[in-house]
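Just so it is clear, the model here is predicted, and its values are computed rather than measured.
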Amino acid sequence: MRMIPFAFLLIMAWSCQPASGSEEQADKQTAALEEAVPAGRAEYAIAIHGGAGTILKENMAPEKEKAYLEALNAALDIGEHILREGGSSLDAVEQAIIYLENSPLFNAGKGAVFTHEGKNELDASIMDGATRNAGAVGGVTTVKNPILAARAVMEDSKHVLLTGRGAEQFAEEQGLEIVDPEYFYTESRWQSLQRAKAAEEQPTGFLSSGPDHKYGTVGCVALDKAGNITAGTSTGGMTNKRYNRFGDVPVIGAGTYANNATCGVSCTGHGEYFIRYAVAYDISALMEYKGMSLEEATRYVIHDKLLDAGGSGGLIAVDKRGNVSLEFNSPGMYRGYARPGERQVGIYGEE
Ligand code: ASP
């Protein structure tokens, strides 16, 4: 199940949600906000991804599968807690992504893939659907949590996208945590680089691709009780990338987009295609100009447009009513979503 309409699951959601006495106080605090939630809209919704690619059950060790599912659930817990308490989608997205960046399982922050030169160059972006403000960083090597740098660019600079040393300097000035580039080293990503370099001997281009390719970008989209949508994405890019390449992640409208009037979107996949097809913005535009539903727009872009073009990957999206879409044209995508009383995480196709 990849498209999850809110209305359909509303009754089930209520029956699954145990009344908890210990949460009484929080319930009272948020009662005013709940009253403001329009009929037919989820009180809040959150979706996350941890990358798409050739992720197959037969190649996955059970303990690794368990670790991924636990990490996805933990990130959802963090974001959902903020939303349930009446916090902003900006904070929910930021905090869920920080958790995923700090996990070595994903290609973002700690666990980022290596460039051809053996470095970790990180990209991240965030967009506020209420104001259409956005911030992004590209190619940073010392910022522990690039999503925080993206948010700082959005809130504390006049710019949208800062790159390289300038972005690092800005992050330092903002008081963000700076780490030695060594912090991002993980043995498994280092080995992936060695395999990608060996595969390069039979050239398929300078970027890693092929049957064992996995994109591990992380992303989160949330709708809060006030009706504000935020989307954010963070990545190490693609293994063996060169020439200070960055993909769709720091490009607003390609890897990340949010508009309260339509939806929020965070993508993962072969970034060059997501840039050329302005994928995240395209979903919003199809809803805005063609009146498509979130399901129609996401299915069309991922399974028709992008697949026809040869672009592999997926996206997560949440619309203004709290409908959730988790679409991918690759064999798998680490993903999950939560709404009041509802939770689902998944890895493979056709679950
Ligand atoms: N989209 C990212 C990029 O091209 C890669 C990914 O999704 O893992 O940089």
Side-chain angles (χ1 to χ4, degrees), residues 82 88-103 106-115 117-185 216-222 228 230-238 241-258 264 266-268 271 274-275 280-281:
I82 292 169
S88 70
S89 55
L90 271 169
D91 289 343
V93 165
E94 173 197 280
Q95 291 300 314
I97 289 183
I98 286 176
Y99 178 84
L100 296 168
E101 285 180 339
N102 291 345
S103 163
F106 303 98
N107 170 21
K110 176 85 184 165
V113 298
F114 283 90
T115 66
E117 295 79 19
K119 290 165 62 184
N120 306 99
E121 295 177 352
L122 315 174
D123 310 326
S125 62
I126 194 162
M127 184 160 182
D128 174 0
T131 57
R132 237 73 69 71
N133 280 342
V137 291
V140 295
T141 59
T142 59
V143 181
K144 184 181 179 202
N145 292 110
I147 195 67
L148 287 174
R151 185 167 178 181
V153 172
M154 174 170 79
E155 292 178 341
D156 301 311
S157 87
K158 294 180 192 150
H159 309 294
V160 171
L161 171 57
L162 300 180
T163 63
R165 186 62 204 128
E168 291 170 355
Q169 202 181 319
F170 174 75
E172 278 163 40
E173 285 169 16
Q174 292 296 311
L176 299 185
E177 189 171 351
I178 301 300
V179 290
D180 187 288
E182 274 289 301
Y183 163 79
F184 297 107
Y185 181 93
T217 291
V218 307
C220 181
V221 182
N228 291 322
T230 299
T233 315
S234 182
T235 191
M238 289 173 76
K241 65 185 181 178
R242 268 175 160 172
Y243 311 119
N244 297 121
R245 174 263 187 197
F246 47 70
D248 55 319
V249 171
V251 180
I252 297 299
T256 302
Y257 193 74
S266 169
C267 301
T268 174
F274 284 75
I275 296 174
Y281 174 71

Atom of S234, atom of I97 and distance for their closest heavy-atom approach: CB-CG2, 3.9 Å
How close do G271 and D248 get, counting heavy atoms only, and between which atoms? CA-OD1, 3.2 Å
Give, for atom OG1 of T230 and atom CD1 of I126, the distance between the pair rounded to the nearest 0.5 Å. 6.0 Å
May I ask you to decide whether R151 forms a salt bridge with D91, counting only side-chain N to carboxylate O separations under 4.0 Å? yes
In sequence, state the C-alpha distance, the side-chain angles, and the governing distance for L176 and N145, and then conclude on side-chain contact (heavy atoms from CB on, under 4.5 Å). CA-CA 8 Å; L176 299 185; N145 292 110; over 6 Å; no
State the CD-OG1 distance between E172 and T142, to the nearest 0.5 angstrom. 6.0 Å
In this structure, CD of E155 is separated from OG1 of T131 (nearest 0.5 Å) by 9.0 Å
side-chain contact (heavy atoms from CB on, under 4.5 Å) assessment of E94 paired with L148: CA-CA 7 Å; E94 173 197 280; L148 287 174; 3.5 Å; yes
Minimum side-chain heavy-atom gap Y183-K144 below 4.5 Å: yes
Where do C267 and T233 come nearest, in terms of heavy atoms and distance? O-CG2, 3.7 Å
Has S266 got a side-chain atom pairing as donor or acceptor with T256's backbone, closer than 3.5 angstrom? no
What's the shortest heavy-atom distance between A258 and A231, and which atoms? CB-N, 3.9 Å
Tell me whether the count of non-hydrogen atoms from other residues, nucleotides or ligands lying under 6.0 Å of CG in D156 goes above 12. yes
Within the side chain of D123, is there an N or O that forms a donor-acceptor pair under 3.5 Å with the backbone of G236? no
Do any N or O atoms from the side chain of K158 and from the backbone of V153 form a donor-acceptor pair under 3.5 angstrom? no
T115 side chain near K241 side chain, heavy-atom distance below 4.5 Å: yes
Which distance, rounded to the nearest 0.5 Å, do you find between the CG of N107 and the CD of E101? 11.0 Å
Atom pair OG (S157) and CD (E173), whose distance is rounded to the nearest 0.5 Å: 11.0 Å
Are any non-hydrogen side-chain atoms of S125 and I252 less than 4.5 angstrom apart? yes
Could you give me the CA-CA distance, side-chain angles and deciding distance for L122 and V143, then say whether side-chain contact (heavy atoms from CB on, under 4.5 Å) is met? CA-CA 8 Å; L122 315 174; V143 181; over 6 Å; no
Any side-chain heavy atom of F184 sitting closer than 4.5 Å to one from V179? yes
Between OH on residue Y257 and CZ on residue R132, distance to nearest 0.5 Å: 5.0 Å
Do you know which two heavy atoms are closest between V218 and A108, and how far apart they sit? CG2-CB, 3.8 Å
Check G232 against V93 and note the closest heavy-atom contact, atom names and distance. N-CG1, 3.7 Å
With a 4.5 Å cut-off on side-chain heavy atoms, are E168 and T141 touching? yes
